[in-house]
Amino acid sequence: PDEQLDLDDGRWEDIHVVTGALKLFLRELPEPLVPFSHFDKFIAAIKIQDPSLRGRCIRDLVLSLPPAHHDTMKVLFRHLCRVVEHKEENRMSVQSVAIVFGPTLLRPASEEGNMAMHMVFQNQVVEHILNHYGHIFPE
């Protein structure tokens with residue numbers, strides 16, 4: 001049966017509970033929001049030196065995602081952009097959001113390789129999408 005959540009319940013007042021639940025949901029998906037097949041492509045794109053070429057590549061990669069992934073990413077990043085708009089109150093800058101969500105949204109299929117190096121690029125991809133949301137997801 002569908003479980004009904006009472007969002008007025010006191011336990012939902014702590015934003016970390018809600019954020020933790022969202023991150024856990026995203027991490028437990030059988031495949032990350034950025035499918036394994038796209039991981040290396042996004043990492044390669046974020047390494048492109050020319051900013052306009054990098055921007056086009058990332059936008060094209062987002063557009064190439066399966067519809068469910070693309071549409072979920074659009075809604076999630078729209079919300080994360082709103083979170084960043086309130087960074088003075090919540091201390092969640094673009095960089096902070098990227099550190100929290102980068103490794104959850106983009107993961108390699110296997111945990112081999114340089115995870116610390118991957119994490120830098122995973123975070124940069126999330127930062128790029130946040131900073132260029134309007135260009136990547138035109139209304």
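All values below were derived from every heavy atom in this structure, side-chain atoms included, with hydrogens, water molecules and symmetry-related copies excluded.
Linking ILVMFWY residues whenever their side-chain heavy atoms come closer than 4.5 Å, directly or via other members, leaves Met92 and Ile99 in distinct clusters. Under a hydrophobic clustering in which Ile, Leu, Val, Met, Phe, Trp and Tyr are joined whenever their side-chain heavy atoms come within less than 4.5 Å, directly or via other members, Met119 and Val97 fall into different clusters. Under the 4.5 Å side-chain heavy-atom criterion for ILVMFWY residues, a single connected hydrophobic cluster contains both Leu29 and Leu22.
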- Query: Would Arg107 and Phe39 satisfy side chain to side chain contact (heavy atoms under 4.5 Å, CB included), going step by step from the backbone distance to the final call?
  - Reply: CA-CA 7 Å; Arg107 294 193 312 272; Phe39 178 82; 5.5 Å; no

- Apply the test side chain to side chain contact (heavy atoms under 4.5 Å, CB included) to residues Leu63 and Ile136: give CA-CA distance (whole Å), side-chain angles for both, the deciding distance (0.1 Å), then the verdict. CA-CA 8 Å; Leu63 281 171; Ile136 293 171; over 6 Å; no

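To the nearest 0.5 Å, atoms CD (Gln95) and CD (Gln124) are separated by 10.5 Å. Separation of atoms CZ (Arg59) and OG (Ser64) is listed at 12.0 Å; rounding is to 0.5 Å. A distance of 10.5 Å separates NE2 of His70 from CG of Leu33, quoted to the nearest 0.5 Å. Note that CZ of Phe25 and OG1 of Thr104 are 12.5 Å apart. Values are rounded to the nearest 0.5 Å. From Asp60, atom CG reaches atom NZ of Lys41 across 12.0 Å, with rounding to the nearest 0.5 Å. Atoms CG and OH, on Leu80 and Tyr133 in that order, are 10.0 Å from each other to the nearest 0.5 Å.
For the pair Ile129/Phe137, a side-chain contact is recorded, criterion being any heavy-atom separation below 4.5 Å from C-beta on. In this structure, Phe77 and Leu105 have side chains that are in contact, with non-hydrogen atoms separated by less than 4.5 Å. Here the side chains of Pro32 and Leu26 are not in contact, with every heavy-atom distance at 4.5 Å or above. Contact of the Lys47 side chain with the Phe121 side chain is registered, since non-hydrogen atoms from C-beta on lie closer than 4.5 Å. Between Pro103 and Asn123, some side-chain heavy-atom pair lies under the 4.5 Å cut-off. Side-chain contact between Gln122 and Phe42: absent, with no pair of heavy atoms (C-beta onward) separated by less than 4.5 Å.
Minimum heavy-atom separation, His38 to Leu61: CD2-O, 4.1 Å.
Of the listed residues (Lys74, Met73, His69), just one forms a side-chain contact (heavy atoms from CB on, under 4.5 Å) with Val62, and that residue is Met73.
Side-chain atoms of Arg54 come within 3.5 Å of backbone N or O of Ile48 as a donor-acceptor pair. Between the side chain of Glu127 and the backbone N or O of Val94 there is no donor-acceptor pair closer than 3.5 Å.
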